[in-house]
Q: 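Sharing a structure here in structure tokens format.
Everything numeric in this text was worked out from a predicted model, so none of it was measured. Just so you know, ligand 1 is whichever comes first in the structure, and atom 1 is the first atom listed for that ligand.
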Amino acid sequence: MKQVLVTGGMGFIGSHTVVSLMEAGFRPVIFDNLCNSSEDVLEGIARITGEKPLFIKGDVTSAADLKALFTGHNIDAVIHFAALKAVGESSEKPLEYYHNNIGGLICLLEAMQEHGVRNVVFSSSATVYGSAAHMPVDEDTPLPPAMSPYGSTKQMGERILFDASIFRSICLRYFNPIGAHPSGHIGELPLGVPNNLVPYVTQAAAGLRKSLTIFGEDYQTPDGTAVRDYLHVMDLAEAHVAALNRLQQVQDRPHWEVFNLGTGKPISVKTLVETFEQVNGVLVPRVMGPRRQGDVPELWANPGRAKEVLGWNAEHSLAAMLRDAWNWQQKL
Ligand code: NAD
Ligand code: UFG
């Protein structure tokens with residue numbers, strides 16, 4: 001299994017995964033419509049790996065784009081990152097989210113079927129767990145109705161792959177990926193005002209935002225702020241290499257598996273901000289605010305299955321994640 005199609009490979013997680021794939025000896029083919037990324041990413045990847053990966057501009061909702069891609073390249077496996085991912089926006093534009101995330105997945109699977117490509121790794125999300133009653137969550141935790149159209153597209157995506165049993169598929173439920181490649185050549189590029197905590201923290205520390213608002217200090221958590229499971233994006237990237245290796249082991253059999261990808265360590269918003277300040281020696285101006293609608297008080301992973309089956313675990317510390325995030329912000 002050598003040539004790997006990476007849909008959404010110009011984005012935050014995709015670009016870091018492309019680096020890991022190249023370093024592991026795979027030949028990634030990036031397919032992205034650049035709706036949330038820029039072509040400069042190729043330069044960043046080349047500075048790290050010494051080689052520009054192949055990039056094809058195209059849309060996963062376009063059967064014609066996919067046909068041209070699969071006809072022109074011998075693809076062994078697909079990692080499907082391409083999706084819209086803003087939880088709040090998905091409630092404002094549900095049809096756009098279903099069209100892109102579900103329509104795109106179906107279009108991609110149809111093209112794969114047509115061209116005899118059977119191996120697929122799917123980007124799912126911890127958001128599928130909603131407000132789970134017991135922490136940490138493992139993969140057998142029953143899934144409640146999704147809390148947003150975005151969450152619903154991830155639950156449905158997993159189910160579509162389960163039903164489409166001609167494929168060998170692995171669904172990866174990412175918890176909260178943060179940080180950047182330690183070189184600072186690639187990282188997260190949020191457009192406009194960041195929704196996510198860490199890009200907001202780095203922009204507030206850099207003086208680009210007046211202050212960070214901490215959403216809620218009255219949760220039933222040790223310090224009152226919400227708790228998540230943050231993992232380094234390079235650890236997450238490596239998990240995709242492990243998933244491809246796993247698919248290689250189960251060749252010639254139908255297959256569907258799901259894995260949590262997190263550190264298993266609960267971190268509060270307050271702890272994260274204070275650690276950022278200590279590690280980087282900068283202040284993060286901040287104010288306390290009300291809870292953000294739709295946020296769960298706490299969510300962290302039991303990552304045991306990924307360790308046992310994929311041989312993967314997250315290695316970077318919170319300090320390393322926050323140092324790399326700040327390094328990237330300073331180079332922007
Ligand atoms: P991102 O927006 O940085 O990357 C997604 C990439 O997909 C972008 O480059 C975008 O241009 C491309 N894309 C979107 N729609 C496309 C289409 N129709 N055709 C071709 N390209 C398209 O997002 P990310 O943070 O790298 O997330 C990658 C995946 O991981 C997504 O599926 C997302 O839902 C999932 N995920 C992300 C997080 C997170 O916190 N970042 C958490 C859980 C799951
Ligand atoms: N937060 C703040 N201030 C901010 C931004 C965030 O206090 O300016 C808080 C949030 O309230 C939350 C925590 O920081 O308690 C983390 O928020 P993020 O937006 O960074 O991450 P979420 O856990 O809300 O959501 C992320 C992804 C989703 C994905 C989910 C899976 O954005 O796409 O993880 O758990 F579905």
Q: Is the closest side-chain heavy-atom distance between Ile102 and Ile106 below 4.5 Å?
A: yes
Q: Taking N or O atoms only and a 3.5 Å limit, does Val87 qualify as a polar contact for ligand 2?
A: no
Q: I want to confirm something. Looking only at heavy atoms, which of Glu188, Arg173, Lys85, Lys154 is nearest to atom 24 (P) of ligand 1?
A: Lys85
Q: Kindly identify the option in Ala83, Ser123, Ser124 whose heavy atom sits closest to atom 44 (C) of ligand 1.
A: Ser124
Q: To the nearest 0.1 Å, how far is atom 13 (N) of ligand 1 from its closest protein heavy atom, and which atom is that?
A: Asn33 OD1, 3.5 Å
Q: At under 4.0 Å between heavy atoms, which part of Tyr230 makes contact with ligand 2: side chain, backbone, both or neither?
A: side chain
Q: What residue and atom, counting heavy atoms only, is the protein's closest point to atom 11 (O) of ligand 2, and at what distance?
A: Asp295 OD2, 2.5 Å
Q: Using non-hydrogen atoms of the residue, decide whether Asn176 is closer than 4.0 angstrom to ligand 1.
A: no
Q: Do Phe70 and Phe167 sit in the same hydrophobic cluster, where Ile, Leu, Val, Met, Phe, Trp and Tyr count as joined when their side-chain heavy atoms come under 4.5 Å apart?
A: yes
Q: Please tell me whether His240 and Phe81 form a close aromatic pair, meaning their ring centres lie under 6.0 Å apart.
A: yes
Q: Evaluate Arg305 against Asp140 for salt bridge (Lys or Arg N to Asp or Glu O under 4.0 Å), listing each step before the verdict.
A: CA-CA 11 Å; Arg305 187 185 287 178; Asp140 297 325; 3.2 Å; yes
Q: Starting from atom 30 (O) of ligand 1, which protein heavy atom do you reach first, and at what distance in Å?
A: Tyr174 CE1, 3.3 Å
Q: Among protein heavy atoms, which sits nearest to atom 7 (O) of ligand 2, and what does the distance come to when rounded to 0.1 Å?
A: Phe215 N, 2.9 Å
Q: Does ligand 1 have an atom under 4.0 Å from some heavy atom of Gly104?
A: no
Q: Could you establish whether Tyr150 and ligand 2 come within less than 4.0 Å of each other, counting only heavy atoms on the residue side?
A: yes
Q: Considering heavy atoms of the protein only, find what lies nearest to atom 32 (O) of ligand 2 and give residue, atom and distance to 0.1 Å.
A: Asn196 ND2, 2.7 Å
Q: Measure the distance from atom 19 (O) of ligand 2 to every protein heavy atom, then report the residue, atom name and distance (to 0.1 Å) of the closest one.
A: Arg292 NH2, 2.8 Å
Q: Using a strict 4.0 Å cut-off to heavy atoms of Leu34, name the atoms of ligand 1 that fall inside it.
A: 11 (O)
Q: With backbone taken as N, CA, C and O and side chain as the heavy atoms from C-beta onward, which portion of Lys85 lies under 4.0 Å from ligand 2: side chain, backbone, both, or neither?
A: backbone
Q: Go through ligand 1 atom by atom and flag the ones less than 4.0 Å from a non-hydrogen atom of Ser125.
A: 43 (C), 44 (C)
Q: Identify which of Thr221, Leu299, Asn176 has a heavy atom lying nearest to atom 34 (O) of ligand 2.
A: Asn176
Q: Return yes or no for this condition: an N or O of Asn36 is under 3.5 Å from an N or O of ligand 1.
A: yes
Q: Say whether Val60, considering both its backbone and side-chain N or O atoms, lies within less than 3.5 Å of an N or O atom on ligand 1.
A: yes
Q: Considering distance alone, does some N or O of Asp59 sit under 3.5 Å from an N or O of ligand 1?
A: yes
Q: Would one find an N or O of Ile13, backbone or side chain, under 3.5 Å from an N or O of ligand 1?
A: yes
Q: Could you find the nearest protein heavy atom to atom 35 (O) of ligand 2 and give me its residue, atom name and distance?
A: Ala126 CB, 3.4 Å
Q: Quick test of your reading of the model: are Arg291 and Asp218 salt-bridged, counting only N-O distances below 4.0 Å?
A: yes
Q: What do you reckon, does Thr61 have a nitrogen or oxygen under 3.5 Å from a nitrogen or oxygen of ligand 1?
A: no
Q: What residue and heavy atom of the protein are closest to atom 36 (F) of ligand 2, and at what distance?
A: Ser125 OG, 2.9 Å
Q: Would you say the side chains of Thr221 and Glu298 form a donor-acceptor pair under 3.5 Å?
A: no
Q: For residues 41-53, run the donor-acceptor check on the side chains, cut-off 3.5 Å, and write out each pair with its distance to 0.1 Å, sequence neighbours left out.
A:
residue: Thr49; atom: OG1; partner: Ile45; partner atom: O; Å: 3.0
residue: Thr49; atom: OG1; partner: Glu51; partner atom: N; Å: 3.3
residue: Thr49; atom: OG1; partner: Glu51; partner atom: O; Å: 2.9

Q: When you measure from the side chain of His73 to the backbone N and O of Leu69, does any donor-acceptor pair fall under 3.5 Å?
A: yes
Q: May I ask whether Thr7 places a heavy atom under 4.0 Å from ligand 1?
A: no
Q: Which residue, Val284, Leu212, Leu283, forms the side-chain contact (heavy atoms from CB on, under 4.5 Å) with Phe276?
A: Val284
Q: I'd like to check which ligand 2 atoms, numbered from 1 as shown, lie under 4.0 Å from a non-hydrogen atom of Ile214.
A: 7 (O)
Q: Looking only at heavy atoms, is any part of Thr213 under 4.0 Å from ligand 2, and if so is it the side chain, the backbone, or both, or is it neither?
A: backbone
Q: What do the steps show when you test Asn101 against Tyr150 for side chain to side chain contact (heavy atoms under 4.5 Å, CB included), and what is the final call?
A: CA-CA 8 Å; Asn101 296 6; Tyr150 169 73; 4.1 Å; yes
Q: Tell me: protein heavy atom nearest atom 34 (O) of ligand 1, and distance?
A: Tyr150 OH, 2.7 Å
Q: If we count only N and O atoms by modelled type, under 3.5 Å, do the side chains of Arg173 and Asn260 hold a donor and an acceptor together?
A: no
Q: What pairs with Glu277 under salt bridge (Lys or Arg N to Asp or Glu O under 4.0 Å), at least two apart in sequence or on another chain?
A: Arg286
Q: In this structure, are over 12 heavy atoms from other groups packed under 6.0 Å from Glu114 atom CD?
A: no
Q: Among all the protein's non-hydrogen atoms, which is closest to atom 7 (O) of ligand 1, and how far away is it?
A: Gly8 CA, 3.3 Å
Q: Hey, does Gly58 sit under 4.0 Å from ligand 1 if you only count heavy atoms?
A: yes
Q: Of the side chain and backbone of Asn195, name the one, both, or neither that has a heavy atom under 4.0 Å from an atom of ligand 2.
A: backbone
Q: Should one rank Phe31, Phe81, Phe175 by closest heavy-atom distance to atom 31 (C) of ligand 1, which comes out on top?
A: Phe81
Q: Would you say ligand 1 has an N or O under 3.5 Å from any N or O of Ala126?
A: no
Q: Give me the one residue out of Asp235, Asp229, Asn176 that meets side chain to side chain donor-acceptor pair (under 3.5 Å) with Thr263.
A: Asp229
Q: Could you find the nearest protein heavy atom to atom 20 (O) of ligand 2 and give me its residue, atom name and distance?
A: Leu197 N, 2.9 Å
Q: Nearest protein heavy-atom contact for atom 14 (C) of ligand 1: which residue, which atom, what distance?
A: Cys35 SG, 3.4 Å
Q: Among all protein non-hydrogen atoms, which one is nearest to atom 15 (N) of ligand 1, and what is the separation to 0.1 Å?
A: Asn100 ND2, 3.0 Å
Q: Which of the atoms in ligand 1, numbered in the order shown and given with their element, are less than 4.0 Å from a heavy-atom of Pro177?
A: 39 (C), 40 (O), 41 (N)
Q: Give the residue and atom name of whichever protein heavy atom lies nearest to atom 15 (O) of ligand 2, and the separation in Å to one decimal.
A: Ala226 CB, 3.1 Å
Q: What's the shortest distance from atom 11 (O) of ligand 1 to any protein heavy atom, and which residue and atom give it?
A: Asp32 OD1, 2.7 Å
Q: For ligand 1, which is the ligand I care about here, please tell me if Phe12 has any N or O atom under 3.5 Å from one of the ligand's N or O atoms.
A: yes
Q: One residue to check: Thr127. Relative to ligand 2, which of side chain, backbone, both or neither has a non-hydrogen atom less than 4.0 Å away?
A: both
Q: Testing the 3.5 Å rule here: is there a donor-acceptor pair between the side chains of Tyr97 and Ser152?
A: no
Q: Note the single closest protein heavy atom to atom 4 (O) of ligand 1, along with its residue, its atom name and the distance in Å.
A: Gly11 CA, 3.4 Å
Q: Does the side chain of Asp59 pick up a donor-acceptor pair with the side chain of Asn33 at under 3.5 Å?
A: yes
